[in-house]
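In what follows, a single structure is set out as structure tokens and then discussed.
Everything numeric here is computed off the predicted structure, so don't read it as measured data.
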Amino acid sequence: MGRPMPADRQHHAATSDGRVKRAFRCLRHGLFGVRPQASVGGGLLATVVMSLLASVVPLIYHGLLEGGLILIGNLLLWPCLLAGVHRRGWRWSTLVLMAALGINLSASVVSAVYYDSRYGLAFALSSLDTSRSESMAMLFKFPLALIVPPGFFLLALSLANRHGAGLARSRWARRSGVMFVGWMLMLLAGSWQWGRASVPLPITMLAVSPGWNLATTSHAWWEKERFKALMADDYDFGKVTRSPRIPDDAVFVLVIGESQRRDQLSLYGYPRPTTPNLDARREQLVVFDQAIAPAPQTVLAVPMLASLTDPRTFSPRYLDANLIALANQAGFHTEWLSRQGLDISSEHTWITAIARRADIAKTIMSDYDDGLLDALDEALARDVKGPRLIVLHLYGSHPPASLQYPEALRYFLTPDSTKPLTDAYDDSIRFTDQVLEGVFQRLEGHPAGVLYLSDHGLEHDPLNDAYVHGGDRPSQAPYRIPLWLWQAGQGPNPTREMTRLRAHADEPFASFDLPYLASDWMGIHFSGNKPCLSPWSACYQPRARHPVLDQLGRLNFFESLPSDYLARPLAPGAEELEEAVQATTRLLENPGFMPEKGTEFAVPGKIPGAGVTPSDVSAPIMLSPPSLPSETLKD
């Protein structure tokens with residue numbers, strides 16, 4: 001038996017336990033103790049606190065007008081919520097709504113803190129389409145997503161318990177509820193008058209309500225459900241022919257990379273050796289120096305580079321006119337092998353819907369992209385008729401980059417790294433280079449070729465050494481991508497020699513024109529083809545301007561965007577507030593000065609080239625373009 005604890009130690013332990021219990025009771029009473037005699041004034045003050053807390057992010061990132069509408073809705077809603085906690089019939093529904101508003105706020109906080117952007121359509125689609133493993137990785141990277149919802153809910157519950165009883169006894173809550181319903185009806189009427197006809201009215205109304213992110217998520221869900229019926233039939237490309245010079249054993253491999261910034265590949269002059277294998281094969285490659293992605297998010301970029309749509313005509317209804325369907329009609333055997341983590345056989349996303357058009361579509365459940373090499377071996381060993389088109393969809397350098405390659409292959413990332421995120425990102429590019437070398441080695445000896453491009457790049461915040469997807473105010477950086485072509489021997493299409501292609505490799509190229517370049521490479525001709533969009537064509541001319549979408553689905557032009565992350569304009573609300581402060585300062589300094597109608601104050605410190613913001617030149621994503629892609633001029 002053990003020796004009994006001395007009496008003084010027993011007393012000390014009991015005293016410590018008592019202190020902890022008393023502190024816990026005080027904390028519980030202070031946070032959640034109900035005060036039946038709470039005043040109305042305290043409840044109104046709690047209303048203002050919660051309304052401002054819930055609205056501060058949209059006020060900054062949505063603009064003062066849209067954020068102001070959200071603030072008004074919160075000011076009308078929160079008296080009802082604070083009072084509802086004290087009404088038995090409404091308590092549980094009130095608590096559920098408080099929790100939902102915390103999750104709603106969390107989406108905006110994460111987008112603002114980590115992306116310096118509002119929560120948009122691309123983010124919502126990515127959230128709905130993500131896999132369990134990717135979700136866990138993103139939660140590990142964004143801990144605020146776990147902290148904000150319970151923190152907001154506990155604060156709201158505490159204020160309701162301490163100050164909501166006064167509102168429950170008064171008529172404030174009932175009147176506020178009636179006014180909130182009236183306010184929402186006014187927003188619905190405004191949505192009918194000024195909203196987008198292609199989006200259901202309730203979604204437009206919710207965009208300026210206290211649950212503003214519910215509108216974005218509902219829009220994304222609506223698009224997913226709407227898309228299920230759009231891929232029921234194959235798109236008819238009309239007369240489709242294949243060049244007789246294409247041998248039956250030809251292998252065309254399209255590799256879609258993920259989140260690679262062109263300027264961090266040593267192939268493009270980066271001082272670190274991030275692509276040693278590509279560097280060694282430099283003379284075998286046709287390297288495009290100025291390839292431009294159509295969007296800074298995978299969920300928007302990949303559908304455009306794989307189909308005949310572009311940023312000006314982008315619509316899910318036209319994604320059935322894609323490269324896989326075209327190759328099928330031309331008599332190719334097609335395969336889509338993906339490491340993106342989605343079950344192609346069951347998920348209905350814009351990307352997987354295109355992938356499922358292939359004769360064989362598989363998700364490769366491996367830890368890293370080198371698992372695709374075994375899948376490629378299996379694909380090459382299959383006995384098929386006709387030439388092959390094999391798409392390899394990598395996970396590449398998707399954040400967090402440190403999870404995209406084996407720890408044993410770390411090269412730049414060391415325990416004493418001063419910029420660990422950059423080192424990890426460079427290591428992920430180096431690992432992709434190793435995977436691509438494995439692809440080359442498997443294709444040598446075949447009439448084969450590899451066309452590689454990244455879906456998009458990433459923004460790099462040098463102050464925090466952070467790599468994030470482009471948001472609602474992107475710079476040019478996430479649109480600058482690597483693109484190159486490699487062929488074994490004479491390649492799979494002997495008629496497509498490299499001289500003409502090399503002549504245009506240093507000119508800008510829009511990656512949404514990839515289907516025309518790829519079909520030309522594969523010797524496919526079809527009705528509605530635009531040969532002049534392929535750099536192999538004698539009539540090819542590079543585009544003067546390159547339309548792109550931001551993560552909200554708004555149209556911009558690459559040439560009008562700021563050059564890098566630090567040169568981007570302020571968030572809309574912050575910019576409006578800064579202009580108001582500047583105008584007020586001028587007026588106070590010179591009370592007699594009154595600006596003429598239509599003039600603008602010059603705002604000191606504005607970044608050259610950043611004066612055109614996305615809202616100035618953009619339009620909402622067009623869900624119902626007026627014509628089919630083959631009927632719409634792309635220039």
Side-chain angles (χ1 to χ4, degrees), residues 243 245-247 250-258 260 262 265-269 275 277-294 301-302 305-306 323-324 326-327 332 334 372 376 387-394 396 429 432-433 435-455 457 480-524 531-538 540 542:
S243 170
R245 298 291 302 276
I246 304 295
V251 181
F252 298 85
V253 178
L254 171 62
V255 182
I256 303 175
E258 170 68 57
Q260 272 199 356
R262 183 173 67 222
L265 275 68
S266 54
L267 182 67
Y268 287 89
T275 55
N277 293 297
L278 289 175
D279 296 341
R281 294 179 178 269
R282 184 65 174 82
E283 296 303 318
Q284 303 174 16
L285 304 174
V286 177
V287 180
F288 287 78
D289 294 328
Q290 300 186 63
I292 299 169
V302 172
L305 63 87
L323 185 60
I324 297 296
L326 177 62
F332 280 73
T334 55
L372 286 168
L376 179 59
R388 312 167 194 246
L389 170 62
I390 301 174
V391 179
L392 303 179
H393 195 180
L394 309 183
I429 296 175
T432 297
D433 176 74
V435 173
L436 292 169
E437 177 63 22
V439 174
F440 296 150
Q441 293 176 3
R442 284 160 172 78
L443 296 179
E444 287 177 332
H446 297 271
V450 177
L451 181 58
Y452 173 89
L453 80 166
S454 182
D455 55 357
R480 301 190 194 109
I481 58 171
L483 189 155
W484 46 260
L485 179 71
W486 172 88
Q487 293 191 155
Q490 289 188 334
N493 184 354
T495 64
R496 285 291 170 253
E497 46 80 27
M498 298 298 195
T499 304
R500 187 183 299 278
L501 199 62
R502 292 184 190 278
H504 296 291
D506 61 345
E507 299 170 340
F509 178 77
S511 67
F512 59 76
D513 285 334
L514 181 75
Y516 301 104
L517 170 63
S519 61
D520 206 354
W521 180 43
M522 297 162 64
I524 300 175
C532 292
L533 295 178
S534 168
W536 259 305
S537 174
Y540 174 75

Does any part of the side chain of [Y], heavy atoms only, come nearer than 4.5 Å to the side chain of [X], both counted from C-beta?
| X | Y | value |
| --- | --- | --- |
| Asp279 | Leu267 | yes |
| Phe440 | Asn277 | no |
| Val391 | Leu323 | no |
| Gln490 | Gln487 | no |
| Leu517 | Pro535 | yes |
| Ile524 | Phe332 | yes |
| Leu326 | Pro515 | no |
| Ile256 | Leu305 | yes |

Donor-acceptor contact below 3.5 Å, side chain [X] vs main chain [Y]:
| X | Y | answer |
| --- | --- | --- |
| Arg262 | Ala291 | yes |
| Trp484 | Val450 | no |
| Arg388 | Val251 | no |

Using 0.5 Å steps for rounding, measure from the [atom1] atom of [X] to the [atom2] atom of [Y].
| X | Y | atom1 | atom2 | value |
| --- | --- | --- | --- | --- |
| Asp513 | Asp520 | CG | CG | 12.0 Å |
| His393 | Glu258 | NE2 | CD | 6.0 Å |
| Asp455 | Leu394 | CG | CG | 9.5 Å |

Report the residues that fulfil salt bridge (Lys or Arg N to Asp or Glu O under 4.0 Å) with Arg480, sequence neighbours left out, ordered by chain and then residue number.
none
Return the minimal non-hydrogen interatomic distance between [X] and [Y], and the atom names on each side.
| X | Y | answer |
| --- | --- | --- |
| Pro492 | Pro247 | O-CD, 3.2 Å |
| Arg442 | Leu376 | CD-CD2, 4.1 Å |
| Pro494 | Arg245 | CD-O, 3.6 Å |
| Ala488 | His446 | CB-O, 3.6 Å |
| Tyr540 | Ser534 | CB-O, 3.3 Å |

Regarding Gln260 and Tyr452, do their side chains bring together a donor and an acceptor under 3.5 Å, going by distance alone?
yes
For atom CD of Gln441, decide whether the heavy atoms of other residues, nucleotides or ligands shown that lie under 6.0 angstrom number more than 12.
yes
Hey, can you pull the donor-acceptor pairs under 3.5 Å for the side chains in residues 283-290, sequence neighbours left out?
residue, atom, partner, partner atom, Å
Gln284, OE1, Arg281, NH1, 3.1
Gln284, OE1, Trp486, NE1, 2.7
Gln290, NE2, Asp506, O, 2.8

